[in-house]
There are 2 protein chains.
Amino acid sequence: MEYTINKLAQLSGVTTRTLRYYDQIGLLKPARLSSSGYRIYGQQEVDLLQHILFYRELDISLDEINAILQEPDFDEIAALKSHYQKLIQKRARLEKMMATVEKTIASKKGEIRMQDNEKFKGLKEKLIEENEQKYGDEIRVKYGDQTVDASNAKLMGMTKSDFDAMNQLGEEIFLLLEKAHATGDPSGKEAQELAAKHKEWLTYSWPTYSKEAHAGLAEMYVADERFTAYYDQRITGGTQFLRDAILIYTGMK
Amino acid sequence: MEYTINKLAQLSGVTTRTLRYYDQIGLLKPARLSSSGYRIYGQQEVDLLQHILFYRELDISLDEINAILQEPDFDEIAALKSHYQKLIQKRARLEKMMATVEKTIASKKGEIRMQDNEKFKGLKEKLIEENEQKYGDEIRVKYGDQTVDASNAKLMGMTKSDFDAMNQLGEEIFLLLEKAHATGDPSGKEAQELAAKHKEWLTYSWPTYSKEAHAGLAEMYVADERFTAYYDQRITGGTQFLRDAILIYTGMK
DNA sequence: CTTAAACGTTGACGCTACGTAAAGGTCAAG
DNA sequence: CTTGACCTTTACGTAGCGTCAACGTTTAAG
């Protein structure tokens with residue numbers, strides 16, 4: 001498939017100015033020029049542009065991107081895996097900010113008091129944390145396909161209101177986890193309510209529910225850092241607590 | 001609590017240059033100046049800076065932020081709640097990107113095939129955020145949840161231009177259907193071109209294409225009166241003709 | 001009390017990653 | 001043959017700072 005500059009711009013969501021600029025600085029040159037001097041982009045350029053945009057999304061300068069892509073031993077798949085890690089971190093930071101917003105609202109309402117330094121949690125941190133590359137890949141190989149399927153399934157049949165409702169529920173789960181974890185008892189009333197909500201949440205993305213699968217997922221949460229990072233965001237040890245609550249809820253323990 | 005410029009910078013994670021710049025453009029002025037001309041910030045300024053950084057995080061220009069904060073009926077809590085919603089959206093976009101990265105890895109490994117337009121899902125959505133504010137509601141009202149296609153399209157992260165392109169293609173399909181139907185031959189050149197266009201149209205809303213699914217959809221068109229009504233509105237028997245053409249195109253008949 | 005380090009000030013120029021004309025060639029359709 | 005969509009290069013403009021430079025102030029150590 002070949003693209004003119006406008007077609008590629010529409011495909012990728014950047015402007016033609018951006019593509020010309022990338023050509024100018026030697027970051028992304030067209031595959032060839034037409035007889036009349038039009039820029040013609042091919043398959044390789046599409047893929048390259050995708051890489052560039054991923055790096056750009058992570059706030060890497062075009063200069064650095066150029067350097068990275070020029071490297072003779074540039075490994076596409078390794079780069080993509082690294083992107084994935086960085087995106088997880090970005091998400092974690094976002095969720096820290098969300099917690100800060102929630103807290104700030106509560107403090108404005110006079111429900112809690114807040115220290116000045118708490119007010120900038122999440123806003124301050126940049127992407128300097130790079131410690132989490134140990135177990136990740138193994139587990140991803142193990143569970144990767146499942147989650148791909150799950151996310152596909154989600155996108156396939158859901159309406160927008162479904163999607164919103166699911167996100168809303170996800171938020172409630174976070175709040176419940178906070179409450180329940182404070183009791184310290186995974187068999188307590190709050191924890192079991194948490195597990196029930198989690199089941200409800202699951203039904204949005206799972207075609208069928210079974211106790212076994214629910215318990216299995218709970219185990220995966222603890223094993224897979226993508227999930228531990230997610231649920232431990234606000235409460236350390238939250239993932240394990242959630243697992244314990246679910247195991248009791250499903251009667252698997 | 002009072003802060004010198006360096007203290008506030010450390011607290012909030014911005015540089016002193018940024019604080020001086022914000023003073024210069026009148027976005028955030030210190031509470032007072034010390035006898036020697038040093039900038040002294042107070043409690044109000046800390047909270048204001050937090051607001052500013054939240055807005056900045058959402059890619060709002062300093063000019064606009066200034067305008068928002070100057071508004072006489074600026075509601076802090078409402079603003080924070082709005083931030084929270086935007087952050088949820090940002091997270092959703094991040095997760096879309098993560099899914100795209102996973103898919104790209106799988107396609108590099110040769111496990112799946114990937115359309116070019118899939119490669120930029122999530123990356124394109126910045127445009128949406130801007131367009132959403134202008135045209136978003138319009139789109140929603142106009143096409144809202146009327147058609148399955150529209151709601152799917154929204155979920156897939158399409159931009160307005162994507163959506164327009166898809167509608168454009170839908171028009172072409174209608175015209176082609178008219179032409180092809182006139183020949184009466186579902187295996188003819190026009191009919192097969194029609195089926196090809198229909199496949200292209202599908203890639204806008206389908207994550208992956210398969211002949212089986214395409215053929216299955218064609219059967220559904222005939223079975224489901226909502227679709228028959230749609231394709232038969234200009235040409236009676238158009239739906240069946242389309243199905244036949246697709247079945248031949250996909251080799252399922 | 002002195003003195004160096006740390007911290008503050010105001011210019012002023014530079015940079016990145018484009019946006020935005022301006023002035024003009026090319027191509028497809030009617 | 002014209003019209004409009006699409007392409008080209010050239011060139012100036014911008015936001016949000018980073019980064020000197022040149023200089024005054026505060027503080028802690030010797």
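Below, read A as the first sequence line, B as the second, and so on, with proteins coming before strands; counting in each chain starts at 1.
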Out of [options], which has the shortest distance to the side chain of [X]?
| X | options | value |
| --- | --- | --- |
| A:Arg20 | D:dG16, D:dT9, D:dC17 | D:dT9 |
| A:Leu62 | C:dC18, D:dT8, C:dT10 | C:dC18 |
| B:Arg56 | D:dC17, D:dT9, D:dT26 | D:dC17 |
| B:Ile5 | D:dT8, D:dG18, C:dT9 | C:dT9 |

query = What is the ring orientation for B:Tyr55 with B:Phe74, classed by angle as parallel under 30°, tilted 30 to 60°, or perpendicular over 60°?
reply = tilted

Regarding [X], tell me which of base, sugar-phosphate or nothing describes its non-hydrogen contacts under 4.0 Å with the strands shown.
| X | answer |
| --- | --- |
| A:Ser61 | sugar-phosphate |
| B:Thr4 | sugar-phosphate |
| B:Thr16 | nothing |

Can you tell me the distance, in whole Å, between the [atom1] atom of [X] and the [atom2] atom of [N]?
| X | N | atom1 | atom2 | value |
| --- | --- | --- | --- | --- |
| B:Gln10 | C:dC7 | CD | P | 8 Å |
| B:Tyr41 | C:dG8 | OH | P | 10 Å |
| A:Gln24 | D:dT8 | CD | C1' | 13 Å |
| A:Asp59 | C:dT16 | CG | C1' | 13 Å |
| B:Leu19 | D:dG18 | CG | C1' | 14 Å |
| A:Glu2 | D:dC7 | CD | P | 14 Å |
| B:Ile40 | D:dT25 | CD1 | C1' | 12 Å |
| A:Leu33 | D:dT8 | CG | C1' | 11 Å |

Please tell me if [X] has a side-chain N or O lying less than 4.0 Å from either OP1 or OP2 of [N].
| X | N | value |
| --- | --- | --- |
| A:Tyr22 | C:dC18 | yes |
| B:Arg39 | C:dT9 | yes |
| A:Asn6 | D:dC7 | yes |

[atom1]/[X] to [atom2]/[Y] distance, rounded to the nearest 0.5 angstrom?
| X | Y | atom1 | atom2 | result |
| --- | --- | --- | --- | --- |
| B:Ser61 | B:Asn66 | OG | CG | 9.5 Å |
| A:Ile105 | B:Lys81 | CD1 | NZ | 6.5 Å |
| A:Glu95 | A:Thr100 | CD | OG1 | 12.0 Å |

query = In terms of the nearest nucleotide of DNA chain C, which residue is placed more toward the 5' end: B:Asp23 or A:Arg17?
reply =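 In this pair, the answer is B:Asp23.
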
task = Using the closest heavy atom to pick a nucleotide of DNA chain C for each, name whichever of A:Tyr38 or A:Thr15 lands nearer the 5' end.
result = A:Thr15

request  = Kindly indicate, with the supporting measurements, whether the criterion salt bridge (Lys or Arg N to Asp or Glu O under 4.0 Å) is fulfilled by A:Arg93 and B:Glu57.
outcome  = CA-CA 11 Å; A:Arg93 178 169 163 263; B:Glu57 184 68 27; 3.1 Å; yes

